[in-house]
Every structure is written in structure tokens, then in C-alpha cells.
Amino acid sequence: LNVTFTPAFWQQTVLDIEQAAESFGAVNLGAGRKTQVEYVSANPTGPLHIGHGRGAAVGDSLARLLRFAGFDVSTEYYINDAGRQMRLLGFSVWLRAKEVKGETIDIPKDFYRGVYITDLAREVLNLHPHVLELPDDEGQNICFDYAMQSILKGIQQDLNDFRVEHQVWYSEKTLVDSGAVDRTFASLKKRALTYEQDNALWFATTTLGDDKDRVLKKSDGTLTYFASDIAYHDEKYQRGFDFVIDVWGADHHGYIPRMRAAISAVGRQAEDFDVVLIQLVNLLADGKPISMSTRAGTFETLADVVKEVGVDAARFMFLSRKSDSPLDFDLELVKQRTMDNPVYYVQYAHARICAVLRRAVERGLKLPDTITLADLAPLTTPEDLALLRMVEHFDDEIHAAASALAAHHVSHYLMELASVLHSYYAKHQVIQNDDPQVTIARLALLRSVAQVLRNGLAILGVSAPDTM
RNA sequence: GCGGCUGUAGCUCAGCUGGAUAGAGCAACAGGCUACGAACCUGUAGGCCGGGAGUUCGAAUCUCUCCAGCCGCACCA
């Protein structure tokens, strides 16, 4: 079987793009499926670092991609404000406050030691000058509350500056206080999936595919992280989501089997849950690694990096590799305008088209608002057809990317489209003073290519500048 | 030891629900602006797709095995 499409078939794509505009390429893969994407969800114990930035870019763009593919998407940040790490944060700030007041202190190994902890301690002392005279518990709670709120505000600001949106900020503490965890325990017990041993409450996840059973309530009576996580996910489905996607750091991959067991235990199917793993980001400066450990306080923050290289370059870098592979993020490289840093290549294609359209207007060759198939008849060269084919199958790329939960496919498509465009530009003069028909046809073609570039870049959360 | 991921051109990476001569950028070399923006384009060179075995008409892609690297394997989060 050998089918050849006529040029008119491909030319029709330009009209389709003109018509659909910013929704050209949208597909209905999701069919309105209620979907939740949860991502970042970093403990509010310090500023976001570059690794969180990758998760933020991937999660945010995945949400944008799925919406474009017909899913009904809600985005969420889970605030772990109920665990041991948070008590340590309060304690760390409290100790620093003592130090600020002149006491000699000894900060234990596990505690948070970044300079921001001391800053927070000073702020707490300004607001509550007598905090250290209160009983230790009370004082530490005040330190914790202030520190968490302050850090969370910073995280929200950083994400906002990175064009990353979370529609819902969900508190673990609120979840626990609502009794959801107890309800989940009761539900699991009813299904005979729990048992007591060594004074602890266990969840028989091995019956659901895990390699060992897991503790829900420790022998000291406190809950494990897993316990509230089950309740949290149960609750997600009760809120009406049919499809739950978690974006996790790849070092948590070992957590997947027990989470799948939990999903199954709350009565859901395997296809109702998916995990997107984010591999490590190696931050480099001139090829040399920069270490980043929040605990030790030597991290490079997301805000610093974004300030250095810009939102567009940072997001594109994160979204041009599959999230599952480790990524070298070289600050010098991401500032360069070479194809090692292809964001400029794609943006330049868009700016170039805009420049041609501007120039055409200057020469009195304004494109009519509505064009017809007849106007496009001159688009018959191999380069015309190559460009038309590229934009025509944009929706296939969206479909494939959404199916794979992988926005990097969109980045690669855009690089290819930009390449074909640049090649076209070098070969064909668009504005021909003595041939208005060819000029109109090519201007229309380029305008539609620009539209597709914008639509793709919008999914990545990268701007499409008219000039550069 | 068990499990997950990774191994494709000198470098950084696509391609992996099997399909024709394996792609891109960078680096190297040779070219291209007296009409629309050279942050660009054209060309040359560069690969037993980690090794081996298997399934198949057909394997970078699927299966097994070995090697190498990274990450996990808590009554931590």
C-alpha cells in the first residue's frame, strides 16, 4: 500500500491551525478523566534546590500536557508538616535562637544547619523576644510554626517565579487531625490486611505484591510516613480523582511497590495510579560539581539558579531530557546560546517568523485575516511540504507524549520543527515583492508554524518571544 | 544478596508499545549574508546501539545472561 497525499491535503493544515489557534494539537486522549498530579511536595524545612526544580518543571509541564490531551487535571503540593523532620526543624531554630542570645550550643548531626536557620531564629526572636523563657516544648513549637510558615512562603514564591502552579496545597497535619488515618486503619482492618506484632501495627502489603510487610503505627505509638500516605491517597480518590499521578525523586523508587499495594488495598486498580520518577540533577559550574545538601546548608537554591540562567533556559533544560535519567546541569552551559542549550534555537525560530511578519507589514503585505485553500496553492516545494508535514502531526506527538507521561517528547518535536523552519528560511525567500501570491502563501505557512511553536512552548512553560 | 534505572558517534543526548540506509546538537574540517534577523543554513568525517545468547521474516527496541555505573532495600521522611 502506497498512499500519496496531494499538496492540498497538507495545505489544509494551515487552515486548521488558523482555525484552532492555541488549541491546535489538542487531543482527547484523557476524555475528561479526572486526574491529579502531585509534585514537588518537598518538606518545608529549607529553600527548594535545583533537584526540586526539576520535579517542579516536570510536574507542571506534565499537568499542562495532560490538560492539552483532554484530561481534567488538578495539581497539588502535599505539605509534610506532621513528622519528625518538622520537629527537628523547630528544634534547630530554637537552638540557633539560644546561640543568637549568646549561649554556646552544640548542634547535633541530624539537625538543620543552613545559615537560613539562624536567620529564622533572629526573626523569631524579633517577634517573640521571650520565646526562650517559655517551657522548651512551647518555645520549640513557636519556632517550628514560624519557620515552617516562613519557609513555605519562600517555596511558594520560588515556584511562582518558576511559572509552576499548584492549585491545591494540602496539609498532612490537617489530614491526620481530620481522623482520615484512623478511618483508613479501620478500613484496612476490616479487610483483614493489618495485624499487631512487637507492639506495632503492621500492614500485610506482601499479600498485595510488596516484598515485605510494612509498619503503620510504631511501637512508640507514632505513625509512619507510610500510614498517612495511604490515608492521603485514599482521600485523593474520595475527592473524585480517577487517575492519580505522583512525581517522586528516583531515590524513592523502592517505595512504589508498597504504594501500589496501598492503592490496591483501598480498592483501586493498577491503572488508576502512576509514578513519574525524577532522577538526580548534578549541578555543575564549568564542569565541576557543586554539592547540595539541605541538611548541611551548602545547596544551590532553585531561586539562585533561575536568577542566574533564567526561567526559560532552566525549564527547557529540565524538559529536554527524560526525567528518569540523571541530568548534568552546567550553569555555564545553560547560559550559552549554542545548541547544547536548545531553548534559544526554538525561541529564535519563533522570533524569526515574527520578524518576517513584521517586515511584511512594513512593506504593505499584510496577511488577510481569513485565508483560503486557494491562497495556499503555491506551497508545493519539498521544503513547503516538509514544514506542512511537521505541523500536521503535532497532535500525534501530543498523543504520544501524554500516553508516556513524558513532556520531553514535546521538546524534541519543537527542536525538530525549529530545525525544519530554519532550513526553510535559509532556502526560500518568503517576501517576494514581485509575487504577492507566493508571499501570501508563505506568510500564512509561517504564521501557522509560529502558532504551533507557541502551543508547544506553552506546554513546557517556556515563553515564545516576538523578538530576542 | 535482592530490586529499580542507566550503558547509542570523541562529548551531551533522542529513538525503546519491533519494521527499511541508527538520528540531533556540540567539538573537527570545508563552505554560505549587496532582499525577509548568521542566536541561522549547507556539506564532509565520525557508531559490531556495553558483551554474549535467544524469540522473530525482521531487534537499539522483546526475553535470558554477563559486565560497568548510579540509586534503593528502616518501627526515617
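In what follows, chains are A, B, ... by sequence order, proteins preceding strands, each numbered from 1.
On the P atoms, B/rU17 is 12 Å away from B/rU6, given to the nearest whole Å. For the P atoms, the distance from B/rC66 to B/rG3 is 10 Å, rounded to whole Å. With both ends at atom C1', the span from B/rA9 to B/rG46 equals 6 Å, rounded to whole Å. The C1' atoms of B/rG47 and B/rU42 are separated by 23 Å, rounded to the nearest whole Å. Using C1' as the reference atom, B/rG18 and B/rU56 are 9 Å apart when rounded to the nearest Å. Remark: the separation of the C1' atoms in B/rG10 and B/rA28 is 10 Å, to the nearest Å. Separating the C1' atom of B/rA77 from that of B/rG72 is a span of 14 Å, rounded to the nearest Å. For the P atoms, the distance linking B/rU8 with B/rC48 amounts to 12 Å, nearest Å.
Residue contacts shown for A/R214 are absent, as no nucleic acid heavy atom lies under 4.0 Å away. A/Y425 comes within 4.0 angstrom of a base, heavy atoms only. If you check every strand for non-hydrogen atoms under 4.0 Å, A/S320 touches nothing. Note on A/H350: nothing from the nucleic acid sits closer than 4.0 angstrom, heavy atoms only. A/H253 comes within 4.0 angstrom of a nucleotide base, judged by non-hydrogen atoms across all strands. Using a 4.0 Å heavy-atom cutoff across all strands shown, A/N199 reaches no nucleic acid atom at all.
When distances run from any side-chain atom of A/N80 to the nucleotides B/rA14, B/rC75, B/rA77, the shortest one goes to B/rA77. Side-chain atoms of A/Q429 lie closest to B/rA35 of the nucleotides B/rG37, B/rC13, B/rA35. Comparing B/rC36, B/rC76, B/rC75 by their nearest atom to the side chain of A/R84 picks out B/rC76. With B/rU12, B/rC75, B/rG37 as the candidates, the nucleotide lying closest to the side chain of A/A200 is B/rC75. Out of B/rA35, B/rG15, B/rA38, the shortest distance to the side chain of A/H409 is found at B/rG15. Distance from the side chain of A/S423 is smallest to B/rC41 among B/rC73, B/rC41, B/rA38.
The side-chain heavy atoms of A/I353 and A/L453, taken from C-beta on, include a pair separated by under 4.5 Å. Counting heavy atoms from C-beta on, the side chains of A/Y116 and A/I151 come closer than 4.5 Å.
Atom P of nucleotide B/rA22 and atom NE2 of A/H412 are separated by 20 Å, given to the nearest angstrom. Distance A/K212 NZ to B/rC73 P: 9 Å, rounded to the nearest Å. In this structure, the CZ atom of A/R358 is 8 Å from the P atom of B/rG37, given to the nearest Å. Atom P of nucleotide B/rG37 and atom CG of A/D466 are separated by 13 Å, given to the nearest angstrom. Taking atom CD of residue A/Q432 and atom P of nucleotide B/rC36, one finds them 13 Å apart after rounding to whole Å. Regarding A/Q85, its CD atom lies at a distance of 11 Å from the P atom of B/rC76, rounded to whole Å. Protein atom NE2 of A/H408 is 18 Å distant from nucleotide atom P of B/rU12, rounded to whole Å. When rounded to the nearest whole Å, the span between CD1 of A/I256 and C1' of B/rG3 equals 11 Å.
Under 4.0 angstrom from either OP1 or OP2 of B/rA77 there lies at least one side-chain N or O belonging to A/K218. The phosphate of B/rC16 has neither OP1 nor OP2 within less than 4.0 Å of any side-chain N or O from A/K322. Proximity of A/Y348 to the phosphate of B/rA39: a side-chain N or O atom is located under 4.0 Å from OP1 or OP2. Taking only side-chain nitrogens and oxygens, A/H422 never comes nearer than 4.0 Å to OP1 or OP2 of B/rA38. Distances shown here put every side-chain N or O of A/R352 at or beyond 4.0 Å from the OP1 or OP2 atom of B/rC40.
No side-chain donor-acceptor contact under 3.5 Å links A/T467 and A/R358. Residues A/D158 and A/H52 have side chains that never bring a donor and an acceptor to within less than 3.5 angstrom of each other.
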Can you check salt bridge (charged side-chain N to carboxylate O under 4.0 Å, His left out) on A/K217 and A/D220, steps first, answer last? CA-CA 8 Å; A/K217 188 179 277 188; A/D220 67 3; over 6 Å; no
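Note: A/Y195 and A/W202 have parallel aromatic rings, judged against thresholds of 30 and 60 degrees for the angle between ring planes.
Across all strands shown, the partner of B/rG25 is B/rC11, judged by Watson-Crick or G-U wobble contacts whose two distances both fall under 3.5 Å. When both pairing distances are held under 3.5 Å, B/rC49 makes no Watson-Crick or G-U pair with any nucleotide shown. Under the Watson-Crick or G-U wobble criterion, with both distances below 3.5 Å, B/rC36 is left unpaired in every strand shown. Across all strands shown, B/rU56 forms no Watson-Crick or G-U wobble pair with both distances under 3.5 Å. Pair assignment for B/rC16: none, as no Watson-Crick or G-U wobble contacts are both less than 3.5 Å. Across all strands shown, B/rG72 pairs with B/rC2; the Watson-Crick or G-U wobble distances both stay below 3.5 Å.
Ring pair A/F91/A/F111: centre-to-centre distance below 6.0 Å. Between A/Y78 and A/Y232, the ring center distance clears the sub-6.0 Å criterion.
Judged by closest nucleotide on RNA chain B, A/D328 is the one of A/L223 and A/D328 placed further toward the 5' end.
Atom CD of A/E332 has more than 12 heavy atoms from other residues, nucleotides or ligands within 6.0 Å.
Between the side chain of A/T224 and the base of B/rC75 there is no donor-acceptor pair of N/O atoms closer than 3.5 Å. At a cut-off of 3.5 angstrom, counting only N and O atoms as typed in the model, there is a donor on one side and an acceptor on the other between the side-chain of A/H252 and the base of B/rA77.
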